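Keep in mind it's a predicted model, so treat the numbers as computed, not measured.
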Amino acid sequence: MPSTPAEYDVIVIGGGPAGENAAAYAIAGSDRTAAIVERELVGGECSYWACIPSKALLRPGHLLAAAQAMDGITASGLDVEAVLRRRDSFVSGLDDTSQVDWARDHRIEVIRGTGRLAGVRQIEVDGQVLRARHAVVLATGTRASIPDVPGLRDALPWISRDATNLHEVPGRVVIIGGGVVACEAATWLAALGTQVSMVVRGSTVLASAEPFAGERVIAALREGGVRVLLGTEPTSVQRPDAKDTGEGRIHGGPVTVQLHSEAGDTELEADEIIVAAGRTPATEGLGLDSVGLKDGYVQVDDQLTATAVDGDWLYCVGDLNHRAALTHMGKYQARVCGDVIAARAEGRPLDGARFTASADHEQVPQVVYTAPEVASVGLTEAAARKAGYAVETVELDISVAGSALARNDFAGHAKLVIDTGTDTVLGATFVGPEVGEQLHAATIAVVGKVPLATLWHAVPAFPAVSEFWLRLLETRRP
């Protein structure tokens, strides 16, 4: 079929990292055409409002703490304005020119506007109709959820993207939530001098991690001045003079939060309230009903093909398919998805591991950049037992020559979950300063199903922090 301006081989709705990768892989090394439809910034949530700015805000505090824990170094504090300028440089001042240039360099057309499905292989963008010859990829991600707490929405709370793009550091903040976003925000805000109170409904933070991870993060947050209120829920929020002009938020005064716990009712006053209470699929107005789908997460198979739609033309990558809501896993899915689209377009069989997404089932790596960091991959002990595995565990405090040399106050803990049937590692969790850099070795062990007898011959360098791997294996030595 001859090409027309409104026709492409592949159309991606959503220009975040997953969408970018899906488009690039689908047309790589071919004469196929691709377009990305994006209503905000090409690069998406991660590049401008989540991963990148939050890590830019976290890193200075980590370095300051490390310097203060080292003899011979004088470290007095953070230059807040300089920290924010550095953050701005990483998000390019919310200018996506470089990302658009990247797309065009990879022969991907960028179409500005709100895209929606309008039937099989049909996309409508603000009244313009596009057609995809081979594939449509949904990569719209998720958006922050706001709980139905009386007065909360009227108080114009911050969500994560407001927090990471702040221009003035508030004196007092209440954070609703105890997950990754809440813990990381509490960490960098406290480092920048904010009085932080965390309101956590459950009995711990990072509830899906190994229990010791949440315990150590809570202890560190409290030591850093954060007030962590466990088993507590907001019952109402008041900010009577909050205004929204439509051009930006104007907050006229403090926010008051009424709280309830088993210990009784209390009240907090703050300059801002941040809601970090989960995410919801960004499918409103996406037109899923035009192809027989309902709003919500889009179920896919291991080729990232939508399972409830006839034909192999609709794909979904990233947070929207609810398999693993992490940027690196969305990009991983996108690589698989792009390869699958390319193979199907060329009539090639889907043989080989590259055409099947498997790591986002029980092999997902993640780093929480709190202080201490929490790095994990695969299954926790509880998850492994729930899945029916016969397991044993080994764990110990990280205390080797390398950790002592790294910083005077190094404190960490490591745990392996072992499948006794295959004698391989099902999961690993490390907590401590910069343990995220230790994670990839564990990821390779989990994904590669490397027997412990073989890992015994993976000798850690001395004096590196990674020597704790040897100590872990020694605890299980016959």
Side-chain angles (χ1 to χ4, degrees), residues 49-50 54 142-164 166 168-190 193-209 211 213-215 217-245 248-282 284 296 325 368 370:
W49 298 289
S54 67
T142 58
R143 54 182 174 80
S145 299
I146 306 294
D148 290 326
V149 176
L152 180 56
R153 292 179 184 275
D154 292 337
L156 302 180
W158 283 3
I159 56 174
S160 57
R161 59 165 48 191
D162 299 305
T164 57
L166 55 74
E168 294 183 3
V169 178
R172 302 166 299 169
V173 164
V174 172
I175 300 176
I176 307 297
V180 174
V181 172
C183 290
E184 289 188 348
T187 299
W188 62 259
L189 281 167
T194 300
Q195 295 178 11
V196 180
S197 297
M198 291 182 66
V199 178
V200 183
R201 181 171 57 183
S203 59
T204 189
V205 300
L206 305 177
S208 63
E215 293 168 3
V217 169
I218 289 171
L221 286 170
R222 286 174 170 163
E223 185 177 350
V226 176
R227 185 181 182 187
V228 182
L229 304 173
L230 301 175
T232 304
E233 294 187 73
T235 56
S236 68
V237 178
Q238 295 84 37
R239 194 176 212 165
D241 51 358
K243 298 179 182 178
D244 188 342
T245 66
R249 295 171 179 170
I250 297 177
H251 292 164
V255 58
T256 302
V257 185
Q258 304 293 332
L259 304 172
H260 174 74
S261 69
E262 290 186 0
D265 296 338
T266 55
E267 179 180 288
L268 288 177
E269 185 178 273
D271 300 301
E272 298 293 347
I273 181 169
I274 299 174
V275 177
R279 310 281 297 182
T280 191
E284 184 177 356
V368 184
T370 44

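- Here CD1 of I159 is found 14.5 Å from CD1 of I176. Values are rounded to the nearest 0.5 Å.
- With sequence neighbours excluded, no residue forms a side chain to side chain donor-acceptor pair (under 3.5 Å) with E233.
- For the side-chain contact (heavy atoms from CB on, under 4.5 Å) criterion with L166, the lone passing option out of I274, V173, L189 is L189.
- Within the 3.5 Å criterion, the main-chain N or O of A185 finds no donor-acceptor partner in the side chain of T187.
- Between V196 and A190 the shortest heavy-atom distance is CG2-N, 4.0 Å.
- The environment of Q238 atom CD is dense: over 12 non-hydrogen atoms of other residues, nucleotides or ligands sit within 6.0 angstrom.
- Checking side-chain atoms of D154 against main-chain N and O of G151 turns up no donor-acceptor pair under 3.5 Å.
- A 4.5 Å side-chain heavy-atom check between L268 and L229 finds at least one atom pair inside the cut-off.
- Within 6.0 Å of the CZ atom in R172, the count of heavy atoms belonging to other residues, nucleotides or ligands exceeds 12.
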Exercise. For Q258 and D265, run side-chain contact (heavy atoms from CB on, under 4.5 Å): C-alpha distance rounded to whole Å, both residues' side-chain angles, the deciding distance at 0.1 Å, then the answer.
Key: CA-CA 7 Å; Q258 304 293 332; D265 296 338; over 6 Å; no
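- Taking CG of L156 as the start and CD of E272 as the end, the distance is 9.5 Å to the nearest 0.5 Å.
- With hydrogens and angles ignored, the 3.5 Å screen pairs no side-chain donor or acceptor of S145 with any backbone N or O of A277.
- Listed by chain and number, the residues in a side chain to side chain contact (heavy atoms under 4.5 Å, CB included) with P281 are T283, Y297, L320 (sequence neighbours excluded).
- Remark: R143 pairs with no residue by the salt bridge (Lys or Arg N to Asp or Glu O under 4.0 Å) rule, at least two apart or across chains.
- For the pair W188 and S54, the tightest heavy-atom approach, listed with the atom from each and the gap, is CD1-O, 4.3 Å.
- Other residues, nucleotides and ligands contribute over 12 non-hydrogen atoms within 6.0 Å of the CD atom of E269.
- Within 6.0 Å of atom CZ in R222, more than 12 heavy atoms from other residues, nucleotides or ligands are found, so the atom counts as buried in its surroundings.
- Judged purely by atom type and a 3.5 angstrom limit, S261 has no side-chain atom pairing as donor or acceptor with the backbone of G231.
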Quiz item: Taking it one step at a time, do S160 and E184 satisfy side-chain contact (heavy atoms from CB on, under 4.5 Å)?
Solution: CA-CA 10 Å; S160 57; E184 289 188 348; over 6 Å; no
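- Nearest heavy atoms, G171 versus D271: N-OD2, 3.4 Å.
- In terms of heavy-atom proximity, V226 sits nearest to M198 at CG1-CG, 4.0 Å.
- In this structure, the side chains of V237 and V174 stay at 4.5 Å or more apart for every pair of heavy atoms.
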Exercise. Just do the side-chain contact (heavy atoms from CB on, under 4.5 Å) check on I273 and L152 with the steps written out, would you?
Key: CA-CA 9 Å; I273 181 169; L152 180 56; 3.9 Å; yes
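- Heavy-atom contacts from other residues, nucleotides or ligands closer than 6.0 Å to CD of E168 number 12 or fewer.
- Annotation for T235 and H260: closest pair CG2-CB, 3.6 Å, computed over non-hydrogen atoms.
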Practice problem: Carefully, step by step, assess V199 and L259 under the rule side-chain contact (heavy atoms from CB on, under 4.5 Å). | Solution: CA-CA 8 Å; V199 178; L259 304 172; 3.9 Å; yes
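- Side-chain N or O atoms of R239 include one that pairs as donor or acceptor with a backbone N or O of G253 at under 3.5 Å.
- When all heavy atoms of A182 and G177 are compared, the pair lying nearest together is CB-O, 3.2 Å.
- Rounded to the nearest 0.5 Å, atoms CD1 (I218) and OG1 (T370) are 11.0 Å apart.
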